[in-house]
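Order of the sequence lines sets the chain letters (A, B, ...), proteins ahead of strands, with each chain counted from 1.
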Protein chains: 2
Amino acid sequence: MLRLTQSEENYLKAIFTLSQDTEGAISTNELAEKMLTKASSVTDMLKKLCEKELLEYQKYQGCALTNEGKSHALAIIRKHRLWETFLVDKLSFGWDEVHEIAEQLEHIQSTELTDRLDEFLGFPKVDPHGEPIPGKDGRIESVSNRILLSESVVGMRAIIMGVEDDQTEFLQYLNKIGLHLGTQIDILDKLNFDGSIIVMINDKQVQFSITIAKQISIKPL
Amino acid sequence: MLRLTQSEENYLKAIFTLSQDTEGAISTNELAEKMLTKASSVTDMLKKLCEKELLEYQKYQGCALTNEGKSHALAIIRKHRLWETFLVDKLSFGWDEVHEIAEQLEHIQSTELTDRLDEFLGFPKVDPHGEPIPGKDGRIESVSNRILLSESVVGMRAIIMGVEDDQTEFLQYLNKIGLHLGTQIDILDKLNFDGSIIVMINDKQVQFSITIAKQISIKPL
DNA sequence: TTGAATTTTTAGACTAGTCTAAAAATTGTT
DNA sequence: AACAATTTTTAGACTAGTCTAAAAATTCAA
């Protein structure tokens, strides 16, 4: 397998995740924003990754991962989520403390290590934030009837199934209001003018902005 | 604490280990050989590390770590040895399979992670090769009456206490002849002309060159 | 459908780390 | 103490990844 730099790996991962909720090609600017870098840097990297056949790229037309590129991205995501699971399950870190460390650990090169870690953890299906962990073969087991909190309807009762993992402060906030994986919630109301959602959590009312509601996934009961 | 690149960390570690068995300053060439690089590259790096006050360096006079530099080096060695212990104890790797992976893991930046790993492993005192693991504070507990096999005398009976960890093939060879930590050996003979040592291991006679004998440490019984 | 706004690319520069080749300093030997 | 051998440094170049500023392409709106 092609050996990649950390930077190349980070680009692949970013393109993959952006592709998850975007139809068609990913634009240079979109990617630059995600990578906290400049469009010109992105262009350079796209040329290089295209050269290596990890993605398709045509000037001014954005990019899309090839199968090769996708499987690289999935391998990195697999490592990231396995390491997060290790940190929480074995080293007792909080779910809000592991993202940064996993960002480093995901670049460790050794398939053997990854697979043994997977086994050591008991082949977990999801990471501490509820995100599915891709298998050895890169397959992600589809998670049943999950929707975003932003797509819920008033009156619904649901279970918290997953949250975005990349903002420490967001996770700390969830901790503070007592929201964890498996927590039961009731959708009390939605405000039409700004999309805010009012939710009952452990007998307390909490209001989520639409931005937050898009970062939480739930399973309706 | 000062943030260092992987390359800078590798130089510090190399200088530290070379200093262990060399009196006075480490020469540029010596370091270049250890780092598998050119003397000119070493000179550049020494200037940079001197600038950062991690070592003392004067043109043509070699270098020596400052206390700051030493404690950085010890922190990296601590991480390396803890990760090796993790790989062998928890993920069932062989002692001959872990060096390369630990070379990557030793650069993960998180003191919290290191200390929790230490705890998870039960605060081990030595790694799978018998090398002592520096503590949080950088202190290495002195290992009692260990000598190099090369310094043994004929007729001596001893226990294997440690081996160099950085050559996979050497470790595989030791596996093959049934030599592990704790194995008992008898020194049968030493050949004056080349320094070879003939040893009895599990009722089998084995001959070690002086080069090998310097990479094995023992405790006389 | 054309001109303005936006997006994207190019050109050129910078840093970190490395290299080769040549110059300079040190060391060793007589 | 002087010269030869060795070691070390300097000078200049290269790659990867990034940046700024300017040019080019695309998109959008009147």
Could you list the protein-to-nucleotides 11-16 of chain D atom pairs, N/O on both sides, closer than 3.5 Å?
none

Atom pairs under 3.5 Å: protein N/O with N/O of nucleotides 24-26 of chain D:
from, atom 1, to, atom 2, distance (Å)
D/dA25, O4', A/Tyr60, OH, 3.2

All N/O pairs under 3.5 Å across the protein-nucleotides 3-5 of chain C interface:
none

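Residues passing the ring pair (Phe, Tyr, Trp, His ring centres under 6.0 Å) test with A/Phe86 are A/Trp83, B/Phe86, sequence neighbours excluded. Shown here are the salt bridge (Lys or Arg N to Asp or Glu O under 4.0 Å) partners of A/Asp137, two or more places apart in sequence or in another chain: A/Arg139. For A/Arg146, there are no salt bridge (Lys or Arg N to Asp or Glu O under 4.0 Å) partners two or more places apart in sequence or in a different chain. Every residue meeting the side-chain contact (heavy atoms from CB on, under 4.5 Å) condition with A/Ile147, not counting sequence neighbours, appears here in chain and number order: A/Glu151, A/Met156, A/Ile218, A/Pro220. Looking at residues two or more places apart in sequence or on another chain, you find a salt bridge (Lys or Arg N to Asp or Glu O under 4.0 Å) between A/Asp118 and A/Arg78. Residues satisfying the ring pair (Phe, Tyr, Trp, His ring centres under 6.0 Å) criterion with A/His99, sequence neighbours excluded, are A/His80.
Contact annotation: A/Tyr57 side-chain N/O to C/dT9 OP1/OP2 distance is under 4.0 Å. For A/Lys47, a side-chain nitrogen or oxygen approaches OP1 or OP2 of C/dT10 to under 4.0 Å. Contact annotation: A/Ser41 reaches the phosphate of D/dC19 (side-chain N/O to OP1 or OP2, under 4.0 Å).
The aromatic rings of A/Trp95 and A/His180 sit tilted, their planes meeting at an angle between 30° and 60°.
Across C/dT10, C/dC19, D/dC19, the shortest atom-to-atom separation from the side chain of B/Thr37 is found for C/dC19.
Counting non-hydrogen atoms under 4.0 angstrom, A/Ser7 reaches the backbone sugars and phosphates but no base.
Residues A/Ile197 and A/Ser150 come closest through the heavy atom pair CD1-CA, 3.8 Å.
Screening residues 53-77 of chain A for salt bridge (charged side-chain N to carboxylate O under 4.0 Å, His left out) gives no qualifying pairs among residues at least two apart or on separate chains. The salt bridge (charged side-chain N to carboxylate O under 4.0 Å, His left out) contacts involving residues 82-105 of chain B comprise B/Lys13-B/Glu103, where partners must be two or more places apart or lie in separate chains.
One atom, CD1 of B/Ile26, and another, P of D/dT8, lie 11 Å apart when rounded to the nearest Å. At whole-Å resolution of the value, CD in A/Gln58 and P in C/dT9 are 11 Å apart. A/Leu46 has its CG atom 14 Å from the C1' atom of D/dT18, to the nearest Å. Taking atom CD on A/Gln6 and atom P on D/dT18, their separation rounds to 11 Å, with Å as the unit. Atom-to-atom, NZ of B/Lys38 to P of D/dT7 comes out at 14 Å; the value is rounded to the nearest Å.
Looking at residues 27-35 of chain A, you'll see that no heavy atom sits under 4.0 Å from any atom of DNA chain D.
Applying the 6.0 Å contact sphere to CD of A/Gln172 captures more than 12 heavy atoms from other residues, nucleotides or ligands. Other residues, nucleotides and ligands contribute over 12 non-hydrogen atoms within 6.0 Å of the NZ atom of B/Lys52. Under a cut-off of 6.0 angstrom, the local environment of CD in B/Gln109 is crowded, with over 12 non-hydrogen atoms contributed by other residues, nucleotides or ligands. Atom NZ of A/Lys214 has 12 or fewer neighbouring heavy atoms from other residues, nucleotides or ligands inside a 6.0 Å radius.
Mapping B/Thr43 and A/Met45 onto DNA chain D by nearest heavy atom places B/Thr43 at the nucleotide closer to the 5' end.
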